[in-house]
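Residues take their numbers from the sequence shown, with the count starting at 1.
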Amino acid sequence: MRTHVLLDLDGTLSDSEPGILRSLQHACEVEGFPVPDDDQVRSVIGPPFELGLPAIGIPDDALGRVIDTYRKRYVATGAYENTLYDGIVEMLDGLAAAGLTLGVATAKPEQTAHPILDYFGLSERFAVRAGATLTPERRSKSEVIAYALRELDLAGDPDLGEHVIMVGDRDHDVHGAAHHGIPCIGVTWGYGSIQELLGAGAVELADSPAEVVALATEQYRLRW
């Protein structure tokens with residue numbers, strides 16, 4: 001019954017932490033805020049920065065300029081301080097061999113997500129590369145997934161939970177998928193903890209990319 005799998009990017013396909021870390025630390029220093037340590041940066045990787053940065057001390061009225069300064073460095077340099085996790089290409093091959101149509105659904109803006117997928121030579125493997133916009137209309141994970149479903153002609157499917165599955169490493173991947181009645185497999189090699197993923201309602205955990213291939217074709221009930 002499974003026909004499609006949507007995959008997160010940061011923390012699921014690639015380890016983007018070094019570039020995000022250096023770019024965010026640079027932005028905080030330039031804009032006159034305390035430089036966050038590695039753990040603080042890791043805690044905000046995944047969801048849109050306007051949601052995460054206040055938790056590490058960036059006030060609402062400074063979010064725009066910190067994010068703009070971050071993006072300047074990230075687009076030029078940080079996006080490529082990035083590596084694929086071991087086994088990702090084999091995982092994608094295995095999912096495709098199982099007859100699944102692949103898509104990316106990331107809260108990273110498409111402005112940077114698409115060049116990263118091109119850089120790794122992965123773009124042609126995906127029927128859709130859905131990311132956030134820099135403007136307000138598509139920022140949350142549920143909004144990104146909604147866009148991906150429209151692009152895949154699945155938006156009106158009454159059995160989305162049987163046909164589509166999400167794979168991601170943070171609670172917002174799980175919550176964003178559940179908003180559409182889609183189960184989510186949590187991966188333990190990314191930036192979210194096991195407790196975070198299970199607490200959000202992940203239906204299974206994968207400790208390696210190879211495990212994702214077997215888990216993706218199973219049927220699940222949403223935990224809530």
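- Summarising the geometry of A105 relative to I145, their closest heavy-atom pair is CB-CG1, 4.2 Å, with the distance given to 0.1 Å.
- Taken together through direct or relayed side-chain contacts under 4.5 Å among Ile, Leu, Val, Met, Phe, Trp and Tyr, Y80 and I88 form part of one hydrophobic cluster.
- E29 is linked by a side-chain contact (heavy atoms from CB on, under 4.5 Å) to V35, counting only residues two or more places apart in sequence or in another chain.
- The shortest distance between side-chain heavy atoms of H4 and L100 does not fall below 4.5 Å.
- Sorted pairs that involve residues 174-185 and meet salt bridge (charged side-chain N to carboxylate O under 4.0 Å, His left out), not counting sequence neighbours, are lacking altogether.
- Looking at every heavy atom in both residues, D15 comes nearest to N82 through O-OD1, 3.1 Å.
- Shown here for P34 and C28, the closest heavy-atom pair between the two residues is O-CB, 3.8 Å.
- Qualifying side-chain contact (heavy atoms from CB on, under 4.5 Å) partners for A178, counting only residues two or more places apart in sequence or in other chains: none.
- Atoms CG and CG, from L84 and L122 in turn, are 5.5 Å apart once rounded to the nearest 0.5 Å.
- Listed by first and then second residue, the side chain to side chain donor-acceptor pair (under 3.5 Å) pairs that reach into residues 83-100 are D93-R125, sequence neighbours excluded.
- Taking each heavy atom of P36 and Q25 in turn, the nearest pair found is O-NE2, 2.9 Å.
- Transitive grouping of hydrophobic side chains (ILVMFWY, heavy atoms separated by less than 4.5 Å) brings V213 and L13 into a common cluster.
- Checking each of V167, T101, L152 against L6 for a side chain to side chain contact (heavy atoms under 4.5 Å, CB included) leaves exactly one that passes, namely L152.
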Name every donor-acceptor pair, under 3.5 Å, that has one atom in a side chain of residues 126-138 and the other anywhere in the protein, sequence neighbours excluded.
residue, atom, partner, partner atom, Å
R129, NH1, D118, OD1, 3.3
R129, NH1, S123, OG, 3.0
T133, OG1, T135, O, 2.7
T133, OG1, R138, N, 3.2
T133, OG1, R138, O, 3.2
T135, OG1, E137, OE1, 2.6
T135, OG1, E137, OE2, 2.9
R138, NE, G131, O, 2.8
R138, NH2, E110, OE2, 3.1
R138, NH2, G131, O, 3.3

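- Interatomic distance, CG of L95 versus OG1 of T217, reported as 9.0 Å (0.5 Å rounding).
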Open item on the list: Does D8 form a salt bridge (charged side-chain N to carboxylate O under 4.0 Å, His left out) with K141? I'd like the steps, not just the answer.
Closed with: CA-CA 10 Å; D8 179 46; K141 199 55 173 266; 3.1 Å; yes
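- L9 contributes atom CG, which lies 5.5 Å from atom CG of L117 (distance to the nearest 0.5 angstrom).
- Residues meeting the side-chain contact (heavy atoms from CB on, under 4.5 Å) test with S23, sequence neighbours left out: Y70, R73, Y74.
- Sorted by first and then second residue, the pairs that involve residues 198-212 and meet side chain to side chain donor-acceptor pair (under 3.5 Å), not counting sequence neighbours, are T188-D207.
- Cluster membership for L51 and V174, using ILVMFWY side-chain heavy atoms within less than 4.5 angstrom, is not shared.
- For H180 (side chain) and S142 (main-chain N/O), a donor-acceptor pair under 3.5 Å exists by modelled atom type.
- F33 pairs by the ring pair (Phe, Tyr, Trp, His ring centres under 6.0 Å) definition with nothing, not counting sequence neighbours.
- Residues L7 and I185 fall within the same hydrophobic cluster, defined by Ile, Leu, Val, Met, Phe, Trp and Tyr side chains chained together at heavy-atom separations under 4.5 Å.
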Task: Test side-chain contact (heavy atoms from CB on, under 4.5 Å) applied to V144 and T106, step by step - done: CA-CA 7 Å; V144 169; T106 174; 5.7 Å; no
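- Not one N or O on the side chain of D171 forms a donor-acceptor pair closer than 3.5 Å with the backbone of E196.
- The shortest side-chain heavy-atom distance between H175 and C184 does not fall under the 4.5 Å cut-off.
- For residues 143-152, the side chain to side chain donor-acceptor pair (under 3.5 Å) pairs, not counting sequence neighbours, are S140-E143.
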Side-chain donor-acceptor pairs of residues 38-49 under 3.5 Å, sequence neighbours excluded:
residue, atom, partner, partner atom, Å
Q40, OE1, D37, N, 2.9
R42, NH1, G190, O, 3.4
R42, NH2, E17, OE1, 2.8
S43, OG, Q40, O, 2.6

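- Residues Y220 and P183 approach most closely at CB-CB, 4.2 Å, considering heavy atoms.
- A continuous path of ILVMFWY side-chain contacts below 4.5 Å connects V5 to V203, so both sit in one hydrophobic cluster.
- Electrostatic pairing of R2 and E218 does not count as a salt bridge here, judged by no charged N lying under 4.0 Å from a carboxylate O.
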Below 3.5 Å, can you tabulate the donor-acceptor pairs from side chains in residues 54-68 to any protein atom, sequence neighbours excluded?
residue, atom, partner, partner atom, Å
R65, NE, E31, OE1, 3.0

I'd like a table of donor-acceptor pairs (distance under 3.5 Å, sequence neighbours excluded) in which one partner is a side-chain atom from residues 154-166, with atom names and distances.
residue, atom, partner, partner atom, Å
D157, OD1, D159, N, 2.8
D157, OD1, H163, ND1, 3.4
D157, OD2, H163, ND1, 2.5

